[in-house]
Amino acid sequence: MSNGLKKTLGLGTALSTVIGLVIGSGVFFKPQAIYTTTNGAPGLGIISWIVGGIITIMAGLTAAEVSAAIPRTGGMMVYIEEIYGKKWGFLTGWMQTVLFFPGTIAAIAVIFAQQCAELFGYSATNMSIVLPIALGIIILLALLNNIGSSFGGAIQNIATIGKLLPLILIIIFGFIKGNGGNSVFSPLVGPGVNASTAMGQVLIATLFAYDGWINVGAIAGEMKNPGKDLPTAIVGGLSAVMAVYIIINLAYLRVADASELALVTSPATLVATRLFGDIGGKIITIGILISVFGTLNGYLLTGPRIPYTLARQNIIPGSKALSKVNKGGSPTNSTWLVAILACIYALSGQFNLLTDLTVFIVWVFYVLTFIGVIKLRKDNPDLDRPYKVPLYPLIPIIAIVGGLFVIVNQLITATIIALGGIIITLIGIPVYSYMSKKNEH
């Protein structure tokens with residue numbers, strides 16, 4: 001089939017895509033948001049990395065059952081369509097196309113640009129420097145990914161190796177050279193902070209750092225052996241990521257205390273500069289930029305598969321153009337759609353605002369996916385499941401409860417951001433109705 005995506009991706013690329021999508025900007029930049037929320041106290045921050053990791057592994061174990069049972073290109077959108085029907089499937093794909101992928105790409109491009117600006121001696125708040133870099137990196141990666149999906153996979157492998165170096169160096173030298181005198185688990189929160197309310201906010205930050213794990217499901221249709229390789233990639237990749245996140249945050253706290261980490265855009269750069277001096281700090285910053293570059297590439301590799309899949313079903317405006325695949329096997333127009341929307345979001349120049357928006361709305365659909373695993377077992381018990389979630393139904397229930405806590409907390413504490421995400425998503429309902437009626441004629 002000349003217009004289909006080629007099955008060229010193996011376990012190595014899937015595993016590096018999970019690690020590449022997850023370890024990116026969050027581990028280097030989110031400690032600032034976390035320790036600002038706790039008012040400079042370390043305890044709740046470290047707990048949130050542990051709890052966020054557990055929720056994410058429960059989520060990965062749960063969603064992997066659906067990923068393996070429905071190994072078609074499109075990921076979560078396809079799972080939800082299979083479980084809840086076409087309208088819900090479309091709404092998932094719509095949310096990912098117009099909000100989640102472009103919003104996340106924009107946020108990461110902004111933080112990449114801010115780090116570039118600081119590396120060359122400019123302020124991270126200088127938008128005349130930051131915005132052109134952010135827009136430029138999105139356009140560059142869209143061009144590179146249009147060369148072909150195997151090329152995008154190659155970038156992913158290189159960037160994954162490159163990003164591990166700053167993590168390893170900070171961890172090793174943080175424990176060797178850090179004074180170890182800073183408190184890790186106390187106080188839990190600083191003065192005037194409510195621990196239960198703050199927990200929801202710091203979890204939003206850590207869940208952003210852990211996010212990206214489910215998007216490997218979007219390339220299931222291009223994997224050689226998805227039934228076996230997909231669960232291995234998700235669970236194996238996440239376990240490694242959680243261990244790295246907890247260890248590196250302990251290393252940060254050996255070098256600088258939480259109140260200092262709350263004051264800088266890039267806690268990792270502050271720690272690296274203390275460990276290795278100004279030049280060493282700059283080298284580590286370059287490593288961080290490579291990591292962020294790899295994460296951006298991962299999102300621009302997987303994201304366009306969503307509008308492409310919608311277009312193949314002719315249920316999104318512009319389907320004829322968006323369903324085109326170039327000679328390299330990439331959905332070229334879908335890639336440009338996601339990239340252009342990302343450029344628009346990037347004009348806000350806001351990292352934390354954009355990430356809070358995307359994490360909230362995507363977790364609404366994650367929870368639907370977890371519930372869907374239980375629903376699918378009841379509705380379709382004979383479905384071939386190459387992988388089944390262990391300790392069923394306990395693990396899906398933990399994933400559901402964890403997700404609901406985050407969603408409800410955001411609705412209460414960040415109502416405007418949450419409602420913004422809901423409204424943009426619900427616009428998909430009239431779009432679906434219009435396209436459905438159009439297809440009937």
Side-chain angles (χ1 to χ4, degrees), residues 1-5 72-107 109 135 138-139 141-143 145-146 149 214-215 217-222 299-348 354 357-358 361-362 364-365 368 419-441:
M1 186 160 53
S2 62
N3 204 28
L5 298 169
R72 305 202 323 261
T73 290
M76 182 167 63
M77 171 185 70
V78 173
Y79 317 149
I80 285 182
E81 180 187 320
E82 191 82 20
I83 298 162
Y84 299 103
K86 285 197 168 183
K87 184 184 280 190
W88 278 100
F90 172 82
L91 210 58
T92 309
W94 172 264
M95 174 276 297
Q96 291 177 306
T97 298
V98 302
L99 183 56
F100 176 74
F101 277 106
T104 303
I105 290 163
L135 300 179
I138 293 168
I139 292 164
L141 277 167
L143 285 167
N145 272 288
N146 268 314
S149 60
I214 201 169
N215 300 321
I219 57 170
E222 292 161 82
Y299 279 97
L300 266 163
L301 172 68
T302 55
R305 272 70 186 163
I306 305 300
Y308 166 81
T309 305
L310 291 173
R312 288 293 295 270
Q313 297 169 15
N314 197 31
I315 54 169
I316 191 171
S319 288
K320 190 175 178 183
L322 294 172
S323 62
K324 285 185 178 171
V325 176
N326 66 15
K327 288 180 183 177
S330 290
T332 183
N333 292 330
S334 289
T335 300
W336 284 113
L337 171 68
V338 171
I340 290 163
L341 288 171
C343 286
I344 293 166
Y345 283 115
L347 293 173
S348 68
L354 287 169
L357 174 65
T358 58
I361 199 64
V362 82
V364 173
F365 287 87
L368 281 173
L419 288 177
I422 291 167
I423 290 164
I424 293 169
T425 302
L426 291 179
I427 290 168
I429 293 175
V431 172
Y432 177 80
S433 298
Y434 169 76
M435 290 302 294
S436 297
K437 283 176 186 172
K438 188 179 174 186
N439 289 337
E440 285 171 9
H441 298 304

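Values below: every heavy atom of this structure, side chains too, minus hydrogens, waters and symmetry copies.
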TODO: Please confirm whether the backbone N or O of Asn326 pairs with a side-chain atom of Ser330, one donor and one acceptor, at under 3.5 Å?
DONE: no

- [ ] Look only at the side chain of Tyr84 and the backbone of Leu368, and say whether a donor-acceptor pair between them is shorter than 3.5 Å.
- [x] yes

- [ ] Of all the heavy-atom pairs spanning Ile315 and Phe90, show the shortest one and how long it is.
- [x] O-CE1, 2.9 Å

Task: Closest contact, heavy atoms only, Ala342 versus Ala106 - done: O-CB, 3.3 Å

- [ ] Find the distance between OG1 (Thr335) and NZ (Lys324) and round it off to the nearest 0.5 Å.
- [x] 14.0 Å

Task: side-chain hydrogen bond (donor to acceptor under 3.5 Å, both in side chains) partners of Thr425, counting only residues at least two apart - done: none

- [ ] To the nearest 0.5 Å, tell me how far Phe365 CZ sits from Thr92 OG1.
- [x] 4.5 Å

Task: Separation of Ile214 CD1 from Gln96 CD (nearest 0.5 Å) - done: 8.0 Å

Task: Gap between atom CG of Leu337 and atom CD1 of Ile316 - 0.5 Å precision - done: 6.5 Å

Open item on the list: Using every non-hydrogen atom in the two residues, find where Ser323 and Ala311 come nearest and quote the distance to one decimal.
Closed with: N-CB, 3.6 Å

- [ ] State, to 0.1 Å, how close Ser348 and Leu354 come at their nearest heavy-atom pair, and which atoms those are.
- [x] OG-CD1, 3.6 Å

TODO: State, to 0.1 Å, how close Trp336 and Ile139 come at their nearest heavy-atom pair, and which atoms those are.
DONE: CH2-O, 4.0 Å

Task: Side-chain donor/acceptor of Trp94 to backbone N/O of Leu99, under 3.5 Å - done: no

TODO: Indicate whether any N or O donor in one side chain lies under 3.5 Å from an N or O acceptor in the other, for Asn146 and Thr332.
DONE: yes

Task: Shortest non-hydrogen contact between Ile138 and Ala346, atoms and distance - done: CD1-CB, 4.2 Å

Task: Close side-chain approach of Trp88 to Ile83, heavy-atom, < 4.5 Å - done: no

Open item on the list: Is the shortest side-chain heavy-atom distance between Cys343 and Ile340 below 4.5 Å?
Closed with: no

Task: Chi angles and distances behind the side chain to side chain contact (heavy atoms under 4.5 Å, CB included) call for Thr97, Met77 - done: CA-CA 10 Å; Thr97 298; Met77 171 185 70; over 6 Å; no

Task: side chain to side chain contact (heavy atoms under 4.5 Å, CB included) assessment of Met76 paired with Val362 - done: CA-CA 10 Å; Met76 182 167 63; Val362 82; 4.1 Å; yes

Open item on the list: With rounding to the nearest 0.5 angstrom, report the CD to OG distance, Gln313 to Ser319.
Closed with: 9.0 Å

Task: For Glu82, all residues meeting salt bridge (Lys or Arg N to Asp or Glu O under 4.0 Å), sequence neighbours excluded - done: Arg72

TODO: Determine, step by step, whether Asn439 and Ser436 satisfy the side chain to side chain contact (heavy atoms under 4.5 Å, CB included) criterion, reporting the C-alpha distance in whole Å, the side-chain angles of both residues, the deciding distance to 0.1 Å, and the verdict.
DONE: CA-CA 5 Å; Asn439 289 337; Ser436 297; 5.9 Å; no

TODO: Would you mind reporting whether Leu135 and Leu347 have side-chain heavy atoms less than 4.5 Å apart?
DONE: yes

Open item on the list: To the nearest 0.5 Å, what is the distance between CG on Leu310 and OH on Tyr432?
Closed with: 11.0 Å

- [ ] Taking the side chain as every heavy atom from C-beta outward, state whether Phe101 and Thr302 have any pair of such atoms under 4.5 Å apart.
- [x] yes

- [ ] Verify, without hydrogens or angle tests, whether Ser334 (side chain) and Leu322 (backbone) share a donor-acceptor contact under 3.5 angstrom.
- [x] yes

